[in-house]
Number of protein chains: 2
Amino acid sequence: MNIGEVSTHTGLPVKTIRYYEDINLIKPLRDNNGYRRFRDQDIHKLNFLGRARTLGFTIEDCRTLLALYEDETRASSDVKRVARDHLAQIDAKIADLKGMRQTLSHLVDACAGDDRPDCPILKDLGGKL
Amino acid sequence: MNIGEVSTHTGLPVKTIRYYEDINLIKPLRDNNGYRRFRDQDIHKLNFLGRARTLGFTIEDCRTLLALYEDETRASSDVKRVARDHLAQIDAKIADLKGMRQTLSHLVDACAGDDRPDCPILKDLGGKL
DNA sequence: TATAGAGTCTCCAGTCACTGGAAGGTAAAG
DNA sequence: CTTTACCTTCCAGTGACTGGAGACTCTATA
């Protein structure tokens with residue numbers, strides 16, 4: 001398969017696939033004309049990567065997970081640790097965003113949103129409370 | 001005030017303050033020795049920026065908000081629009097993260113996390129369900 | 001007065017995970 | 001044969017900083 005077809009199959013942009021080769025996540029073969037030729041295993045890896053990225057894993061996490069995936073003798077505890085750490089990061093981010101959301105929604109509610117200049121949002125940002 | 005003292009007062013790193021000058025968010029004066037000299041208004045702006053950034057506004061949003069802050073004839077509706085849009089972005093991000101969290105926590109729970117190689121997390125990522 | 005240390009300056013490069021675009025070669029369709 | 005689509009590499013830009021090099025200035029102590 002050429003890169004365009006792979007892109008269609010995996011849902012990953014062509015640019016992204018090339019990038020993943022650049023950083024050694026995949027190693028497709030090359031045809032005589034220089035075109036990349038993707039085997040089933042390459043496509044499988046790309047799907048793996050796409051799914052992992054969708055779940056928010058960093059590229060380095062993906063590299064680790066892919067290595068564990070290929071290692072038949074892995075311990076599931078190693079996989080679980082990576083996932084649990086990532087879950088903790090997600091929770092931290094959600095908490096952070098919820099904090100912002102809380103403050104911001106109060107401010108938005110308090111703002112008249114009319115033609116007058118008086119504005120509680122700016123008052124808060126300016127430290128005048 | 002010199003930059004170090006301003007950093008202490010505002011809680012913003014020295015590097016960040018210089019960066020904000022670079023991108024024209026603030027315009028401190030200069031002493032004869034070339035050191036930046038910050039007036040009260042500069043510090044006030046930096047606090048404004050720090051607070052806005054804490055609430056997750058982008059730098060461009062901050063630029064807009066700062067301009068509105070300085071404009072005595074603004075309409076609060078303009079401020080409110082920026083804030084409401086940002087709030088929508090935050091909500092989208094939270095929803096996205098919650099989706100990840102949901103899937104991921106199920107997988108983490110399902111994984112034994114022991115010495116054996118069998119792992120539902122990798123099974124999911126590999127598309128073998 | 002000499003000097004050590006802290007503070008400041010500018011400029012360049014790196015982060016993360018792509019994304020866009022230029023310039024050029026190759027393949028398939030009409 | 002030409003057009004069009006696809007492929008290649010390489011370079012630069014994104015956002016919001018952050019780190020570091022190399023040089024200058026200020027302050028405190030010996």
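Remark: C1' of C:dT10 and CD1 of B:Ile3 are 12 Å apart, rounded to the nearest angstrom. As rounded to whole Å, 10 Å separates atom P of C:dA17 from atom CZ of A:Arg63. Per the geometry, OH belonging to A:Tyr35 stands 11 Å off P belonging to D:dT9, to the nearest Å. Spacing between atom CG of B:Asn2 and atom C1' of C:dA6 amounts to 12 Å, rounded to whole angstrom units. Between the CG atom of A:Asp31 and the P atom of C:dA28 there is a distance of 11 Å, rounded to whole Å. Separating the CE atom of A:Met1 from the P atom of D:dC7 is a distance of 12 Å, rounded to the nearest angstrom.
Where A:Phe38 and B:Arg53 each meet DNA chain D at their nearest nucleotide, the meeting point lying more 5' is that of A:Phe38. Residues B:Arg30 and A:Ile59 each lie close to DNA chain C; by heavy-atom proximity, the contact nearer the 5' end of the strand is made by B:Arg30.
Near DNA chain C, defined here as any heavy-atom distance below 4.0 Å, the residues from residues 12-25 of chain A are A:Pro13, A:Lys15, A:Thr16, A:Tyr19, A:Tyr20, listed numerically.
Between B:Asn33 and C:dT8 there is no side-chain N or O to OP1 or OP2 distance below 4.0 Å. Under 4.0 angstrom from either OP1 or OP2 of C:dT8 there lies no side-chain N or O belonging to B:Arg36.
Between the side chains of A:Asp114 and B:Ser76, at least one donor N or O lies within less than 3.5 Å of an accepting N or O.
Of the possible polar contacts, one joining the A:His86 side chain to the A:Leu55 backbone as a donor-acceptor pair under 3.5 Å is found.
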Checklist entry - Yes or no on salt bridge (Lys or Arg N to Asp or Glu O under 4.0 Å) for B:Glu21 and B:Arg36, after CA distance, side-chain angles and deciding distance? => result CA-CA 10 Å; B:Glu21 185 190 16; B:Arg36 290 169 182 80; 2.4 Å; yes
Next on the checklist: If you apply the rule salt bridge (Lys or Arg N to Asp or Glu O under 4.0 Å), what do you find for B:Arg81 with B:Asp78, and how did you get there?
Outcome noted: CA-CA 5 Å; B:Arg81 184 165 359 90; B:Asp78 289 337; 2.7 Å; yes
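We find that A:Arg39 and A:Asp42 are joined by a salt bridge, their nearest charged nitrogen and carboxylate oxygen being less than 4.0 Å apart.
For the atom pair B:Leu49 CG and B:Thr16 OG1, the distance stands at 11.0 Å (nearest 0.5 Å). Expressed to the nearest 0.5 Å, how far OG1 of A:Thr10 lies from NE2 of A:His44 amounts to 13.0 Å.
Within the nucleic acid shown, B:Arg37 has no heavy atom closer than 4.0 Å to any nucleic acid atom.
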